[in-house]
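Here the structure comes first, spelled out in structure tokens, and everything after it is commentary.
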2 protein chains.
Amino acid sequence: MTRVLVIDDEPQIVRALVINLKARHYEVDAAHDGATALQLAAARQPDVVVLDLGLPDMDGVEVIRGLRGWTRVPILVLSARHSSDEKVEALDAGADDYVTKPFGMDELLARLRAAVRRSEPVPGGEDDVIVDTAEFTVDLAAKKVHRGGRDVRLTPTEWHLLEVLVRNTGRLVSQKQLLQEVWGPSYGTETNYLRVYMAQLRRKLEADPAHPRHFVTEPGMGYRFEK
Amino acid sequence: MTRVLVIDDEPQIVRALVINLKARHYEVDAAHDGATALQLAAARQPDVVVLDLGLPDMDGVEVIRGLRGWTRVPILVLSARHSSDEKVEALDAGADDYVTKPFGMDELLARLRAAVRRSEPVPGGEDDVIVDTAEFTVDLAAKKVHRGGRDVRLTPTEWHLLEVLVRNTGRLVSQKQLLQEVWGPSYGTETNYLRVYMAQLRRKLEADPAHPRHFVTEPGMGYRFEK
DNA sequence: GCCGTCCTTGACGGAACTCTGACGCCGGAG
DNA sequence: CTCCGGCGTCAGAGTTCCGTCAAGGACGGC
């Protein structure tokens with residue numbers, strides 16, 4: 001869940017933000033002065049900070065600098081000041097965005113989403129979906145199958161078939177569904193394709209292809225992949 | 001130097017931006033419609049994009065989507081519309097910031113700086129910029145390839161291709177993805193380009209280009225770089 | 001304006017992949 | 001027991017895909 005730190009000394013603004021954020025399933029911490037804010041930021045490691053510049057104890061820009069000393073967490077500044085100088089100062093101190101009050105909640109939330117989004121790691125990052133069995137390992141993102149210390153090469157069709165089965169691990173996948181997902185929507189009766197490629201997969205992946213443990217045939221219905 | 005792509009159909013705004021940006025030592029490209037913009041973005045690889053939503057040929061949000069299909073470059077949207085919906089739509093489509101006209105040049109430049117700053121890699125980042133294999137060494141940051149005691153010369157396209165593959169070490173990269181990342185989003189079927197340049201890379205880097213160990217072909221799917 | 005570098009394009013042989021038909025096995029029904 | 005439908009296996013034909021080469025064109029530097 002995304003964690004937001006709201007820093008503002010006006011209770012009604014904090015309340016409005018907290019309600020709206022929680023309704024959208026954010027986890028929210030709130031601070032009403034700079035010192036508490038810096039402390040909370042360190043303790044709670046938020047994914048994004050919403051900061052009002054007008055705080056009772058210290059200048060908002062100092063809070064930005066305090067955060068930027070050790071973290072690159074996105075900072076979204078709120079302020080009643082419309083002056084260009086203020087904005088420039090805050091942005092150059094390390095803020096990511098600057099919204100003037102009064103602000104629209106929709107807009108603020110959209111800017112928040114944008115800030116969170118770009119701080120996320122690239123979707124094709126190292127978080128690979130890996131499926132493990134006793135005999136082999138499937139990495140769906142890298143399109144890799146590892147077995148007995150070496151990589152197994154699969155043809156496009158074999159991959160596609162394996163992918164559909166693995167995504168439905170433990171579930172029965174009907175022959176029609178397999179044919180349509182791998183060969184296209186106009187297929188559905190060419191069960192011989194399935195027999196050929198299922199045999200291929202078993203030969204490449206099963207310890208004993210004649211007695212498959214992972215690619216199970218359900219006669220008359222379809223196939224099932226089991227870990 | 002930081003490269004900016006300005007997309008706007010109003011000549012006076014483009015002029016003002018170009019003058020101000022160049023004075024601050026940015027490198028600037030300009031496009032006055034969406035199609036040119038997408039093409040330029042692919043060709044010039046800007047570090048940040050300034051996009052006016054009101055374009056003659058296509059919806060600005062479409063331009064955002066077109067860019068986001070293949071790049072995470074920061075996009076700063078300009079618009080005459082103050083409506084909250086417009087902002088939310090643009091931001092959720094993938095824009096990083098939204099500035100309403102008329103805007104102050106100082107503020108815009110500050111937002112630009114903020115956008116560029118946060119897209120910069122972490123100074124002391126742990127991302128190992130150097131990739132080692134048995135035969136050669138790739139230094140992504142220095143854009144250098146070392147092999148057998150000497151530097152290997154690569155053309156821009158060869159380098160770009162190598163970069164995409166190395167950044168996805170071990171993962172299969174589809175031909176479409178390679179084409180789009182190296183040649184631009186409008187490419188996707190010109191697999192002969194890939195064949196030619198993959199051969200170049202192999203000739204320059206593999207010990208035995210006819211039997212590549214590092215640049216592996218996965219027929220019908222794509223290529224994979226292995227250490 | 002010339003030259004070198006780089007990118008694009010087309011053609012071709014060979015390799016890899018998909019499709020297809022034939023055959024045998026097995027279990028259940030008649 | 002025999003027949004039959006569903007499944008697994010195999011190998012060959014046809015097609016697609018890939019590596020390689022060479023020529024033409026665009027671009028920038030001298």
Side-chain angles (χ1 to χ4, degrees), chain A residues 143 145 151-163 165 172-176 178-179 181-184 186-224, chain B residues 39-40 42-45 143 145 151-163 165 172-176 178-184 186-225:
Chain A
K143 282 219 182 346
V145 180
D151 288 339
V152 183
R153 299 198 64 159
L154 297 183
T155 72
T157 311
E158 288 162 11
W159 248 113
H160 212 149
L161 189 59
L162 176 64
E163 213 175 341
L165 288 168
L172 171 74
V173 187
S174 73
Q175 328 193 74
K176 188 171 178 185
L178 282 170
L179 283 164
E181 291 218 35
V182 176
W183 279 268
S186 58
Y187 291 76
T189 56
E190 296 80 349
T191 57
N192 47 326
Y193 293 11
L194 285 179
R195 295 207 298 278
V196 171
Y197 279 93
M198 203 57 70
Q200 213 88 310
L201 272 183
R202 283 166 174 158
R203 193 178 324 142
K204 291 186 178 180
L205 299 179
E206 293 273 5
D208 178 5
H211 303 95
R213 289 186 44 209
H214 301 106
F215 299 96
V216 187
T217 304
E218 302 278 356
M221 309 186 53
Y223 294 87
R224 178 199 310 276
Chain B
Q39 215 174 333
L40 259 180
R44 305 278 293 163
Q45 300 280 335
K143 284 208 191 307
V145 182
D151 284 345
V152 182
R153 273 183 53 90
L154 295 182
T155 72
T157 309
E158 287 163 10
W159 176 258
H160 207 154
L161 187 59
L162 176 65
E163 207 177 351
L165 287 168
L172 173 79
V173 187
S174 73
Q175 352 195 56
K176 188 171 177 184
L178 282 170
L179 283 164
Q180 295 198 339
E181 292 217 32
V182 177
W183 278 269
S186 59
Y187 290 76
T189 55
E190 297 79 351
T191 56
N192 47 326
Y193 293 13
L194 285 178
R195 296 208 298 277
V196 171
Y197 277 91
M198 204 56 69
Q200 307 273 71
L201 275 183
R202 282 168 175 158
R203 196 176 319 142
K204 292 185 178 179
L205 299 178
E206 291 273 4
D208 178 5
H211 303 96
R213 289 187 45 211
H214 305 290
F215 299 95
V216 186
T217 305
E218 300 278 359
M221 301 195 288
Y223 294 87
R224 182 196 308 275
F225 171 75

When you measure from the side chain of E206(A) to the backbone of F215(A), do you find a donor-acceptor pair of N or O atoms at a distance under 3.5 Å?
yes
To the nearest angstrom, the CG-C1' distance between D208(A) and dG8(D) comes to 13 Å
Whole-Å distance, E206(A) CD to dT9(D) C1', equals 16 Å
**Study point:** From CA spacing to verdict: ring pair (Phe, Tyr, Trp, His ring centres under 6.0 Å), W159(A), Y197(A)
**Key:** CA-CA 10 Å; W159(A) 248 113; Y197(A) 279 93; over 10 Å; no
Here the gap from L172(B) atom CG to M221(B) atom CE, rounded to the nearest 0.5 Å, amounts to 5.5 Å
Set of residues satisfying salt bridge (charged side-chain N to carboxylate O under 4.0 Å, His left out) with respect to [X], sequence neighbours excluded:
X	value
R213(B)	E135(B)
K204(A)	E158(A)
E190(B)	none
E218(A)	R224(A)

Each nucleotide of nucleotides 12-30 of chain D classed B (base within 4.0 Å of a protein heavy atom), S (only sugar-phosphate) or -, in 5' to 3' order, makes -----SBBBB---------
Counting any heavy atom closer than 4.0 Å, what does W159(B) reach on the DNA or RNA strands: base, sugar-phosphate only, or nothing? nothing
Requested in this report: Tell me what R153(B) touches on the nucleic acid: a base, only sugar-phosphate, or nothing, going by heavy atoms under 4.0 Å.
Outcome: sugar-phosphate
Nt span of DNA chain C in reach of chain B heavy atoms at under 4.0 Å, 5' end first, is dC6(C) to dC17(C)
(message) Any heavy-atom pair between the side chains of P209(A) and Q200(A) that's under 4.5 Å?
(response) no
